[in-house]
Structure formats: C-alpha cells, structure tokens
Visitor: 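Structure below; questions to follow.
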Amino acid sequence: MLKSVGCGSLRLEHAGQSVSLAGWVHRRRDHGGLVFIDLRDSTGLVQLVFHPEEAPDAFNVAERFRAEWVAQVTGTVRPRPEGTANPNLDTGDVEVLASAAVVLNPSRTPPFDVSQDAPVDELLRMRYRYLDLRRPFMRENLRMRHRAVKFIRDYLDERGFVEIETPILIKSTPEGARDFLVPSRIHQGSFYALPQSPQQLKQLLMVAGTDRYFQIARCFRDEDPRADRLPEFTQLDLEMAFVDRDDIVALMTDLYTDLIRTIRPDKRVPLPVPHFTFEEAMARFGSDKPDIRFGLEIADFSPIVEASEFKVFSGVVANGGVVKGFAAPGLASIPRRQADELIELAKRYGAHGLVTIALDEAAGSLDTLTLDHVRTPARALALDEIRAMAAACGAAPGDLILIVAGEDPQSSSTLGQLRLHMGERLGLADPDTIALCVITDFPLFDWNENEQRWDSVHHPFTSPFEDHWERLEVDPGSALSRAYDLAANGYELAGGSIRIHERARQEAIFRILGHYAENVEEQFGHLLEAFEYGAPPHGGFAGGIDRLVMILSDKADSIRDTIAFTKTQIGVDPLFGAPSPVDQAQLDQLGLALAPRSPDTETQ
RNA sequence: GGCCCGGUGGUGUAGCCUGGUUUAACACACCGCCCUGUCAAGGCGGAGAUCGCCGGUUCAAAUCCGGUCCGGGUCGCCA
C-alpha cells in the first residue's frame, strides 16, 4: 500500500503517530517559508505542513505541488498549534508534519475547480466526469446512493427476500415506452429489447415459487428525459407471493420510512404516512403524487357558481365541467404582470384560462367584505358567490383565489401544477421534511381519446378490485385497481399492484385493451401459459433508485447528479462520444444496412 | 416534434433591451515575484476571450434580424 491511513481518518488520538498518506492536492497555501497542503483521498482531507528547516527536501517538492497533483507524503501526526484548529474540518484538530514527499503524478490544470461545489456548465461536467466526481457534493451523492442501496439489500435480506438477476436482453413488446433494440447476429433481422422493467420476469419468478424476490434492476426506456427521469435508470424491483394489497403497501411504506430515517436522520418524516384514494388526491391536491408538505388545497366551486350570472362559470358547470380553485395567501396585491404570467402558466398546464379573485386586505374579514374590496376580471360574480368560494377554499382578505373552469381531470391537474408553483413561490414546502403519502384505488383504465380505446393506468397485469371484475364488461372506466403508489414531496417514489395470476382473467384484460388473440399469444403467450401451471396470487412494487437519491440528497439538482456517468438530453455521452457509427464489418455481421440519409441531414 | 431559458478568457458572470464613449469589465483559477500559521491565505505584477457557428441589416454588431448547432427546463411522450 502506498498509504498507511486515509487522510480523513486522522484525529487527535493519532498524535505522535508516523503515517504515510497518498491522495490529491486539494488546495495549497504557500507562505514562502512555510507550505500548507490540503491532501484529499476518498476518506476526506487533512492539512499537511511542509517546513523548510525540518524537511528541506519535502519542502522543495511541496513548493511544486499544484491542484490535483497526486502525491505520497510521509510524516508525523501532531495537534495543531494553539488557536489554529479548524472546526470546519473533521481532521481540523490535527495536521501532518511532512518529512518526505513524492509526486506520484502531476496534473494539468483542471478545466473547472474540483475543490468546491460551484456551478459548472453541465456539458463540461459530463465531458470531464471523472473530475466532476471528485467534487464534494457528487462524492456525497454517490455515497448516499450506495448507502441507500445497501440499506435496501440488508432490509430485504433480513425479511427473507432473495435478490435475483434477470436478463438485459429480452423480448420487445411494443407496449408502453419505446424499446431500446439490440440486433441479433445469429438471427439476422430479429432484435432483442432492453427491459423497460423486469415486470414479466418477476411474475414468472413468482410462478417459479420464489415467493420473495427483489432486484436492483437496470431499466431502459427510449423516451425523452426530464429533470427527474432518464432513459437508463435503476429501480428497486420487488415481488411477493401470497400477499394482499395492504401487505405490500405496509412493506413499501416501512421500507422507505426506515430508509429515509436511517440515511437522513436530520429530516422530518411525518408519521403515520397518510393514505389517499386517487380520487381524493386529485380532488384535494390535483395530483396523484401530491406534495403534502403544505396546504393550498383545492376546493370545488361548481355548486356555488352553477347558477351564477358569470356565464363562463355557470356555462362550464351546465356542460358537465367543473369550477375549482385554491387560495394563495397574501397575494391579493400581486402586480398585473405577474397575474398575467399565472394565466400563461395555467394555459401551459392545459387550462383554457385562469380567473383570479383578489380580496383586499382592508376588508378585514369575509363578513365585512364588499365588492369594493374585490378585484377580479369576473365582474358578474355576486358578492355572496365570492364569499362562498372564499370560505370553501379558506381564503381571507389579503389572499388571491386562483380558479380554473373546464373539464376534469384536466382542470384539477392544472390547479395541481399551479398549487406546486405557488407552494414554491411562497416558500411553503419545508426543505427539511420528506412527506410520504400512499395513493390507492386508481382507476384500472383510462380512455385514450386519440386512439379511441382503453389504456391501462398502471399496466395490463394489474388486478382490479375482486368485486369489480363484473364491471369490466359494462363500464371499464369505473373499475378500480389494486394498484398503489408511494409519493414523497411531489415525486413518485414507488408504485405497484396486486397482479392478475389467472389466464382467463389476464386474457379478459387484454381483450378490453384491444389486443387481438393472436397478438396476445405472440407477445404474452409465455406468461399466460405460466399462469396455467399453478401461479400463486402475487403482487409487488418498483421504485426508482435515482429519484430516491435525489429526494434524499439536498445536493442533487437533477437526477443526473445521483449517478456516476450520464448523458445529455439527446442521449449523447460527451465523455465516450456515444453513440457513434460502427464499422461496415460490424453491420455486415448483423445483416444490417443503413438507410440513406436525406440530403439535408447529409450536410449537417 | 412544440415552447421557454442559456451559449462572452480556463471557470462563473456583467455588458445585449436602448448598436459607437470597451483597449469587452469583474471574481476565481493560471503564470511570476514577495511572504513561517494559513485553511475561500495574503500582497504586487502578468498572460489570457475578435463574444457558439453561418448569413443579413448598418458607416459601425457581443449588442438588431434570420437560420443553425449545442446545453438545460418543459409540453407531447414515459402501458
């Protein structure tokens, strides 16, 4: 070993010990006659002192040190002189008086400052990811990820779960997200797909009698990324046999609460974790993954305005729509320009418009409110209607009521987005709280207007409520599923369902989804056949590891900050230069020919 | 595919709206010199960008216009 101890491990108790250290020059402070070097390795930092009289050779080497040079240093640990301890450093009570120093490898000046967390262009960070990962916050994020995954493995191992790997090259099923395809060399013209999730594989493991399975599984979906979503991601994938919904929900909830409280003991996790039905979550928060760290709950004004003189509202209600809204406290005197921006925001989130009602603080109370205190484009609203709406959403004088009128669920969902926007703007979401909630009773299907057919809300293997099977033939939209989600601070942490384990019932679902029998046999025959060989009742869930770490970390601005190597929004890896063209010989082996490029792409 | 924000020394930004008074400014980093208790070390000095790219308008473009590329956000998409 080139070192006897880690830089970050040294404490007062090591004083007097002779040690050898190896690491990177984090910072240097050259006083001419005295040189301080902060040496960094994976364990942390320690200050080295180079003294020209005590060790002239080492001093001369240290004078050449620059940022990120790799050095090996031997010396003696000693307490820092009176008054020079650094309380900001774990090793701040000691320093190492160097007796010898060796340059193991010099470094070019790094393209950005590795010694601190200052913002750097993300493309540059990706191109020099190995330097980016030296930065303190990225190292912390990766360690936090490690601890989260280790916690999960230990927790599940203690409860009798077995981790089983499933293949990365599987069969393409053109449902759901776009598949990443891999051409087969042996079977030219045929393709493997990378798994979007090991869903069917883990169900087959249940048929195999595994009973309690989990996997830290890599998954792939060829769709455009978001700040909280990547085409290539890792999920905790879990499945159990002989369970009902509440068993899995309890396991999922306990696992995540214990995990958060272990890894971030400084965070508040409100307990017990509340449960909402999908309907209730949509009604109150306008989201199926609500951020419940703050209120701003949505109220239904439809009954109040159904006979209003304000025809925009009464007309929408008459046509089967809804009028809903919530109160933004203290924003009554919001400038016109900002109010217009809110309207633009509402339109971007799918509403036709947004009606605001500002209640002048001077009104004192709702009882003493007059129309003179009300500022709204909806002049035809009567005073008692305004009072009733304010009361319904908890608005007081000084507040701004935001109202959307239109179809539901679109209107609720728009209000849900506006609610998040307002929560952020008003600073209502406590950053030191991770507020979990469980959502249940999702619809089994929703109607796809564009393609005029039913889609699975979760996935087609999800079981409806036992007593909702008969609804499927008459009114599929009314059937509720045995699916559940765990949400945290407005993100979906995990989600799953009790599955269908009987062939006939699975086929019935496929029929409603519009699959023809021969397609079902081709795509899902293996699963259906397995169900005929004693498939036990089973269910499970999956949760994104990347997103979990993002929620756990205060230092991850995007999901990309939770993984070691990442790609740009258009799937380019600037470090390796992927994707890249391949040799003609490789194409020939696969029996592939590239389609000619169109002339305008040729010139690019 | 749509929309929004951004691209100026190595890094992070200002300048852009309102074109000329900028030799393109500032901080950090870098290089040199000084400096024996600093830890965001300090002091002095220096080098470094024709402003993503192409084209246009203009006497004059970092600044205005069009196109394009790249990065990010977002809608679509993500059963």
Side-chain angles (χ1 to χ4, degrees), chain A residues 26-39 45-54 59 63 66-68 80-89 91-92 95 97 108-128 131 173-179 196-197 199-200 219-231 233 341 344-345 347-350 413-414 417 444-446 448 450-451 453-462 483 492 495 497 509-510 513-515 523-524 544 557-558 560 567-570 572 574 600 603-604:
Chain A
H26 190 70
R27 255 187 213 125
R28 101 195 139 95
R29 293 177 293 281
D30 184 347
H31 289 228
L34 190 66
V35 174
F36 296 100
I37 297 292
D38 290 338
L39 195 69
L45 288 180
V46 70
Q47 171 169 285
L48 314 177
V49 189
F50 293 84
H51 218 284
E53 288 105 45
E54 308 226 11
F59 178 84
E63 282 215 297
R66 292 295 182 271
E68 299 307 310
R80 292 204 185 183
E82 190 70 32
T84 62
N86 183 349
N88 299 321
L89 215 56
T91 61
E95 62 190 14
L97 180 63
R108 291 166 63 179
T109 301
F112 51 85
D113 188 353
V114 169
S115 71
Q116 56 180 9
D117 291 340
V120 177
D121 177 69
E122 202 165 351
L123 182 62
L124 198 65
R125 292 176 55 197
M126 287 187 213
R127 175 140 175 242
Y128 296 97
L131 296 180
T173 50
E175 300 297 311
R178 196 177 291 118
D179 280 327
Q196 299 182 22
S197 95
Q199 178 62 34
Q200 294 182 57
C219 305
F220 307 86
R221 294 176 189 173
D222 191 3
E223 300 289 349
D224 292 348
R226 289 288 182 276
D228 65 344
R229 206 174 77 196
L230 290 172
F233 61 100
E341 282 170 10
E344 283 312 304
L345 206 57
K347 286 182 176 165
R348 189 139 43 96
Y349 291 133
S413 145
T414 301
Q417 298 274 21
L444 189 61
F445 303 114
D446 64 11
N448 185 329
N450 293 336
E451 307 195 18
R453 59 177 174 85
W454 293 103
D455 281 339
S456 289
V457 168
H458 188 50
H459 56 51
F461 315 112
T462 301
E492 185 191 321
S497 62
I509 297 291
F510 284 138
L513 291 172
H515 293 290
Q523 288 180 24
F524 302 107
D557 289 335
S558 84
R560 295 180 299 279
K567 298 183 182 67
T568 73
Q569 217 170 52
I570 51 173
V572 169
D600 27 309
T603 55
Q604 281 167 15

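Every value quoted in this text rests on a predicted model; they were computed, and no experiment measured them. All values below were derived from every heavy atom in this structure, side-chain atoms included, with hydrogens, water molecules and symmetry-related copies excluded. Throughout, a chain's letter reflects where its sequence line sits, starting with A, and its residues are numbered from 1.
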Visitor: My understanding is that only residues two or more places apart in sequence, or in another chain, count here; which of them pass side chain to side chain contact (heavy atoms under 4.5 Å, CB included) with A/S197?
Guide: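 With neighbours one apart ignored, the set is A/Q199, A/C219, A/R221, A/Q235.
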
Visitor: Distance check, P atoms only: B/rC44 and B/rC35, in whole angstrom units.
Guide: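 Their P atoms lie roughly 16 Å apart.
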
Visitor: Applying side chain to side chain contact (heavy atoms under 4.5 Å, CB included), name anything that partners A/R178, two or more places apart in sequence or on another chain.
Guide: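 Per chain and number, A/R178 pairs via side chain to side chain contact (heavy atoms under 4.5 Å, CB included) with A/D222, A/E223.
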
Visitor: Identify the nucleotide, in any strand shown, that forms a Watson-Crick or G-U wobble pair with B/rC26, with both distances under 3.5 Å; if there is none, say none.
Guide: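 Matched B/rC26 with B/rG12 under the 3.5 Å cut-off.
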
Visitor: About how many Å separate CG of A/D455 and CG of A/L513, when rounded to the nearest 0.5 Å?
Guide: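 One finds 7.5 Å between CG of A/L513 and CG of A/D455.
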
Visitor: Any donor and acceptor pair, going by atom type alone, linking the side chain of A/R80 with main-chain N or O of A/G92 inside 3.5 Å?
Guide: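 Checked: pair present.
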
Visitor: What's the separation between atom CD1 in A/I37 and atom CZ in A/R29, rounded to the nearest 0.5 Å?
Guide: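 Atom-to-atom, A/I37:CD1 and A/R29:CZ are 8.0 Å apart.
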
Visitor: Using whole Å, what does the distance between atom P of nucleotide B/rC39 and atom CD1 of A/I37 come to?
Guide: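 About 15 Å, once rounded to whole Å.
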
Visitor: Write down the distance separating the C1' atoms in B/rA49 and B/rU68, rounded off to the nearest Å.
Guide: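 Here B/rA49 and B/rU68 have their C1' atoms 23 Å from each other.
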
Visitor: Look at the side-chain N and O atoms of A/T568 and state whether any lies under 4.0 Å from the OP1 or OP2 oxygen of B/rG71.
Guide: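 A/T568 to B/rG71 OP1/OP2: side-chain N or O found under 4.0 Å.
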
Visitor: Starting from C1' on B/rG37, measure out to CG on A/L97 and report it in whole angstrom.
Guide: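 Taking atom C1' of B/rG37 as the reference, CG of A/L97 is at 13 Å.
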
Visitor: Between B/rG73 and B/rG10, how far apart are the two P atoms, rounded to whole Å?
Guide: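 Per the computed distance, 25 Å lies between those P atoms.
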
Visitor: Identify, with sequence neighbours excluded, every residue that meets side chain to side chain donor-acceptor pair (under 3.5 Å) alongside A/Q116.
Guide: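 If we apply the side chain to side chain donor-acceptor pair (under 3.5 Å) test to A/Q116, skipping adjacent residues, the hits are A/D113.
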
Visitor: Across the strands shown, which category fits A/R108 at heavy-atom distances under 4.0 angstrom: base, sugar-phosphate, nothing?
Guide: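 Nothing, no heavy atom under 4.0 Å.
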
Visitor: Suppose we define a pair by two distances each less than 3.5 Å, Watson-Crick or G-U wobble; what does B/rG42 pair with here?
Guide: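 Its partner is B/rC34.
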
Visitor: Write down the partner of B/rG71 under the Watson-Crick or G-U wobble criteria, each distance required to be under 3.5 Å.
Guide: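 Matched B/rG71 with B/rC5 under the 3.5 Å cut-off.
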
Visitor: Can you name the side chain to side chain contact (heavy atoms under 4.5 Å, CB included) partners of A/P81, sequence neighbours left out?
Guide: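 Checked A/P81 against side chain to side chain contact (heavy atoms under 4.5 Å, CB included); matches are A/T84, A/E95.
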
Visitor: Sort me out a list of protein N/O and nucleotides 47-53 of chain B N/O pairs below 3.5 Å, or just none if empty.
Guide:
none

Visitor: List the protein contact pattern of nucleotides 74-79 of chain B with one symbol per nucleotide (5' to 3'): B for base contact, S for sugar-phosphate-only contact, - for none; contact means a heavy-atom distance under 4.0 Å.
Guide: SBBBBB

Visitor: Without decimals, in angstroms, what is the distance between A/D117 CG and B/rA40 C1'?
Guide: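 One finds 13 Å between C1' of B/rA40 and CG of A/D117, rounded.
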
Visitor: Give A/E95 one of three labels, base, sugar-phosphate or nothing, depending on what nucleic acid heavy atoms sit under 4.0 Å from its own.
Guide: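 Here A/E95 touches the bases of the nucleic acid.
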
Visitor: Taking the P atom of each, how far is B/rA40 from B/rG71, in whole Å?
Guide: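 The same atom, P, in both gives a distance of 36 Å.
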
Visitor: Using the C1' atoms only, state how far B/rA62 lies from B/rC51, rounded to an integer number of Å.
Guide: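 So the two C1' atoms sit 4 Å from each other.
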
Visitor: What is the minimum heavy-atom distance between A/F233 and A/F220, and which atoms define it?
Guide: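 A/F233 and A/F220 have their closest heavy atoms at CE2-N, 4.4 Å.
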
Visitor: Under 3.5 Å, is there a donor-acceptor pair linking the side chains of A/Q417 and A/R348?
Guide: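 Judged by distance alone, the side chains do not pair up.
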
Visitor: Applying side chain to side chain contact (heavy atoms under 4.5 Å, CB included), can you list everything that pairs with A/P574, at least two apart in sequence or on another chain?
Guide: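 With sequence neighbours excluded, A/P574 shows a side chain to side chain contact (heavy atoms under 4.5 Å, CB included) to A/L123, A/M126, A/R127, A/T568, given in chain and number order.
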
Visitor: Do A/D38 and A/F36 have side-chain heavy atoms sitting under 4.5 Å apart?
Guide: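 Sidechains of A/F36 and A/D38: no contact.
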
Visitor: Find the distance A/L123:CG to B/rG72:C1' and express it as a whole number of Å.
Guide: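 For the pair A/L123 CG and B/rG72 C1', the rounded distance is 11 Å.
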
Visitor: Provide the distance between the two C1' atoms, one in B/rC69 and one in B/rA79, to the nearest whole Å.
Guide: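 To the nearest whole Å, 35 Å.
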
Visitor: For B/rC78 and B/rA25, measure between their C1' atoms and round to the nearest Å.
Guide: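 Each nucleotide's C1' atom is 46 Å from the other's.
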
Visitor: Please tabulate the protein-to-nucleotide N/O contacts below 3.5 Å involving nucleotides 5-14 of chain B, giving atom names and distances.
Guide:
| unit_1 | atom_1 | unit_2 | atom_2 | d |
| --- | --- | --- | --- | --- |
| B/rG10 | O2' | A/P111 | O | 2.8 |
| B/rG12 | OP1 | A/D121 | N | 2.5 |

Visitor: Can you tell me, in whole Å, how much space there is between the P of B/rG52 and that of B/rU11?
Guide: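 Comparing P positions in B/rG52 and B/rU11 gives a spacing of 13 Å.
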
Visitor: If we only count heavy atoms from C-beta on, is the A/T462 to A/V457 side-chain gap below 4.5 Å?
Guide: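 The answer is no; the side chains never approach within 4.5 Å.
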
Visitor: Indicate yes or no: at least one non-hydrogen side-chain atom of A/L97 is less than 4.5 angstrom from one of A/H51.
Guide: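 They are in contact (side-chain heavy atoms under 4.5 Å apart), so the answer is yes.
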
Visitor: Calculate the interatomic distance between A/R29 atom CZ and B/rA29 atom P; express it in whole Å.
Guide: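 Rounded to the whole Å, the gap is 12 Å.
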
Visitor: Counting any heavy atom closer than 4.0 Å, what does A/L513 reach on the DNA or RNA strands: base, sugar-phosphate only, or nothing?
Guide: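 Touches nothing.
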
Visitor: Please report, rounded to the nearest Å, how far the C1' atom of B/rC39 is from the CG atom of A/N86.
Guide: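 So the CG-C1' distance, A/N86 to B/rC39, works out to 6 Å.
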
Visitor: In whole angstroms, how far is the C1' atom of B/rG73 from the CG atom of A/D557?
Guide: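 The answer, rounded to whole Å, is 12 Å.
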
Visitor: With A/D121, which residues qualify under side chain to side chain donor-acceptor pair (under 3.5 Å), at least two apart?
Guide: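 Applying side chain to side chain donor-acceptor pair (under 3.5 Å) to A/D121 gives none.
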
Visitor: My understanding is that only residues two or more places apart in sequence, or in another chain, count here; which of them pass ring-ring contact (aromatic ring centres under 6.0 Å, His included) with A/F461?
Guide: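 So A/F461 forms a ring-ring contact (aromatic ring centres under 6.0 Å, His included) with A/H459, A/F524.
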
Visitor: Who pairs with A/R125 by side chain to side chain donor-acceptor pair (under 3.5 Å), at least two apart in sequence or on another chain?
Guide: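 Only A/D132, A/D561 meet the side chain to side chain donor-acceptor pair (under 3.5 Å) criterion with A/R125.
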
Visitor: Are any protein N/O atoms closer than 3.5 Å to N/O atoms in nucleotides 32-36 of chain B? If there are, list each pair with its distance.
Guide:
| unit_1 | atom_1 | unit_2 | atom_2 | d |
| --- | --- | --- | --- | --- |
| B/rC35 | N3 | A/D30 | O | 3.4 |
| B/rC35 | N3 | A/G32 | N | 3.3 |
| B/rC35 | N4 | A/G32 | N | 3.4 |
| B/rU36 | OP2 | A/G33 | N | 3.1 |
| B/rU36 | O4 | A/E53 | OE1 | 2.5 |
| B/rU36 | O4 | A/E53 | OE2 | 2.0 |

